[in-house]
Amino acid sequence: MKVISAASSKGGAGKSSLVIGIASYLHWKKKKTMILDLDPQGSVALWLSNQFEDIDPIDPDLLSVEALVPDGNDETKIRVIANRLGELAESGDYDYLLIDTKGEQAKITSAIGAYSDFVLCPTNGHAIEFEPVVKTYMNLSTVIKELGLPTDPDKLFSVILSKRKVVESGEVRSSQKMLAERFNVIPGPTESASYNQAIQFGTTIDRLLSTVQTIRDTSEVAKLRANAKRACERHEKSLETLDFMMTQLLNGEEL
Ligand SMILES: Nc1ncnc2c1ncn2[C@@H]1O[C@H](COP(=O)(O)OP(=O)(O)O)[C@@H](O)[C@H]1O
Ligand SMILES: [Mg+2]
């Protein structure tokens with residue numbers, strides 16, 4: 001089981017959307033995926049509450065450390081999380097575990113990252129977002145050292161460029177280059193309309209795609225067909241972008 005967590009000290013950076021995008025992609029690729037929402041905002045849990053049969057949601061409280069060890073100190077909580085992740089990995093029931101984390105840097109968030117295979121930090125790459133990126137990385141490195149793990153934070157941590165309007169504007173090109181000199185930077189989700197629709201309908205992007213494909217191919221109404229065609233292109237592009245991102249992330253490893 002591979003564990004991917006989304007982390008950034010910045011709220012609204014795109015963590016929850018990224019988790020929903022990757023979940024959609026893995027669903028499309030028929031991978032058994034478990035999702036864990038550790039963000040009190042609960043965006044992913046809300047999305048999951050429309051339970052799909054193939055994406056296996058878990059009770060969002062299951063790994064809520066506050067519920068497991070209400071009065072434990074950080075060390076106890078971190079140990080409980082590590083054990084739980086170990087149990088899940090050993091069960092062999094899932095190919096992937098995706099974790100959405102809090103938009104603030106609690107030690108627990110960094111510890112979850114330390115026990116993950118990949119920590120993804122979404123940003124639009126603008127210089128004003130350097131601070132949360134660097135902070136997220138620094139906290140992760142510190143916790144890895146404290147826990148005495150052999151993990152290399154530079155291999156664990158990737159910056160994911162999201163939010164196309166900003167990402168593709170000339171204004172941020174030089175700041176993105178600076179980020180890429182220091183971190184593993186990968187282009188990420190860009191088609192916000194796909195995400196917003198997936199969230200709105202409580203479904204995955206690939207399911208939205210198959211619905212609009214049916215409309216495109218069967219509708220008698222020309223206007224519906226044309227709209228469905230545009231929607232198809234959008235969702236296809238979305239899945240393509242996710243495919244590119246995951247391929248880069250896995251660096252030749254099999255999905
Ligand atoms: N790749 C993206 N492109 C455009 N808009 C995005 C993208 N990712 C997120 N957003 C928008 O940014 C806002 C915050 O995203 P969200 O995923 O909830 O961030 P976080 O979980 O880090 O707080 C949402 O309105 C979402 O629609
Ligand atoms: Mg969120």
Side-chain angles (χ1 to χ4, degrees), residues 4-26 35-50 57 60-61 63-64 97-106 108-110 112-113 116 118-126 128-137 139-140 157-169 171-172 175-176 179 185-206 208-209 231 233-246 248-249:
I4 302 179
S5 61
S8 168
S9 60
K10 183 175 181 288
K15 294 178 290 294
S16 303
S17 307
L18 185 60
V19 166
I20 291 168
I22 298 174
S24 291
Y25 175 75
L26 293 171
I35 303 173
L36 183 61
D37 192 357
L38 293 181
D39 181 352
Q41 244 190 351
S43 334
V44 173
L46 189 67
W47 175 68
L48 278 178
S49 58
N50 272 11
D61 283 330
L63 253 179
S64 149
L97 169 64
L98 307 178
I99 309 178
D100 193 16
T101 64
K102 280 189 206 191
E104 71 187 56
Q105 281 302 333
I108 301 288
T109 303
S110 309
I112 287 168
S116 301
F118 302 97
V119 174
L120 308 185
C121 183
T123 174
N124 58 24
H126 198 287
I128 52 171
E129 291 201 1
F130 280 9
E131 200 211 322
V133 172
V134 172
K135 208 161 134 191
T136 307
Y137 171 84
N139 289 337
L140 181 66
F157 185 82
S158 296
V159 172
I160 305 295
L161 294 178
S162 56
K163 305 205 178 172
R164 182 167 66 170
K165 279 203 186 81
V166 187
V167 164
E168 288 182 357
S169 71
E171 192 195 338
V172 294
S175 54
Q176 283 173 9
L179 266 184
V185 174
I186 304 175
T190 47
E191 290 291 317
S192 56
S194 276
Y195 290 83
N196 292 340
Q197 265 180 29
I199 294 167
Q200 186 188 342
F201 294 114
T203 189
T204 56
I205 295 169
D206 57 305
L208 286 176
L209 176 62
E233 284 161 6
R234 200 160 59 229
H235 299 320
E236 274 162 1
K237 176 142 191 261
S238 216
L239 292 171
E240 247 171 56
T241 316
L242 287 158
D243 188 45
F244 182 77
M245 181 187 86
M246 291 300 287
Q248 295 244 320
L249 191 67

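Starting from 1, each residue takes its place in the sequence as its number. For ligands, and for the atoms within them, numbers begin at 1 and follow the listed sequence.
- The N/O atoms of Leu18, backbone and side chain alike, include none that comes under 3.5 Å of an N/O atom in ligand 1.
- Taking every non-hydrogen atom of Ala13 and a distance limit under 4.0 Å, the qualifying atoms of ligand 1 come out as 19 (O), 20 (P), 22 (O).
- Listed by atom number, the atoms of ligand 1 under 4.0 Å from Ser162 heavy atoms are 1 (N).
- Using a 4.0 Å heavy-atom cutoff, Gly103 is absent from the residues neighbouring ligand 1.
- Residue Asn196 has at least one nitrogen or oxygen atom sitting less than 3.5 Å from a nitrogen or oxygen atom of ligand 1, judged on distance alone.
- In plain terms, the two heavy atoms of Ala7 and Pro122 that are nearest each other are O-CD, 3.8 Å.
- Here atom 22 (O) of ligand 1 lies nearest to Lys15 when heavy atoms of Gln41, Lys102, Lys10, Lys15 are compared.
- Atoms CG and OG1, on Asp39 and Thr109 in that order, are 9.0 Å from each other to the nearest 0.5 Å.
- Thr136 and Ser8 make their closest contact through OG1-CA, 3.5 Å (heavy atoms, listed as atom of the first residue, atom of the second, distance).
- If you number the atoms of ligand 1 from 1 as listed, the ones under 4.0 Å from a heavy atom of Ser17 come out as 8 (N), 9 (C), 15 (O), 16 (P), 17 (O), 26 (C).
- Neither the backbone nor the side chain of Asp39 comes within 4.0 Å of ligand 1, counting heavy atoms alone.
- Smallest separation of non-hydrogen atoms from Ser43 and Asp37: N-OD2, 3.6 Å.
- Short contacts between ligand 1 and Pro189, defined as distances under 4.0 Å to a heavy atom of the residue, involve ligand atoms 1 (N).
- Taking only non-hydrogen atoms, the option from Gly21, Ser16, Pro132 nearest to atom 21 (O) of ligand 1 is Ser16.
- Remark: the backbone N or O of Gly125 is not paired with any side-chain donor or acceptor of Gln176 at under 3.5 angstrom.
- For Ser194 against Leu208, the heavy-atom pair with the smallest separation is O-CD1, 3.8 Å.
- Coordination check, Ser43 versus the Mg ion (ligand 2): failed, since every N/O/S atom of the residue sits at 2.8 Å or beyond.
- A pairwise comparison of heavy atoms in Leu242 and Ile22 identifies CD2-N, 4.1 Å as the closest pair.
- Closest approach of Trp47 and Ile199 over heavy atoms only: CD1-CA, 3.6 Å.
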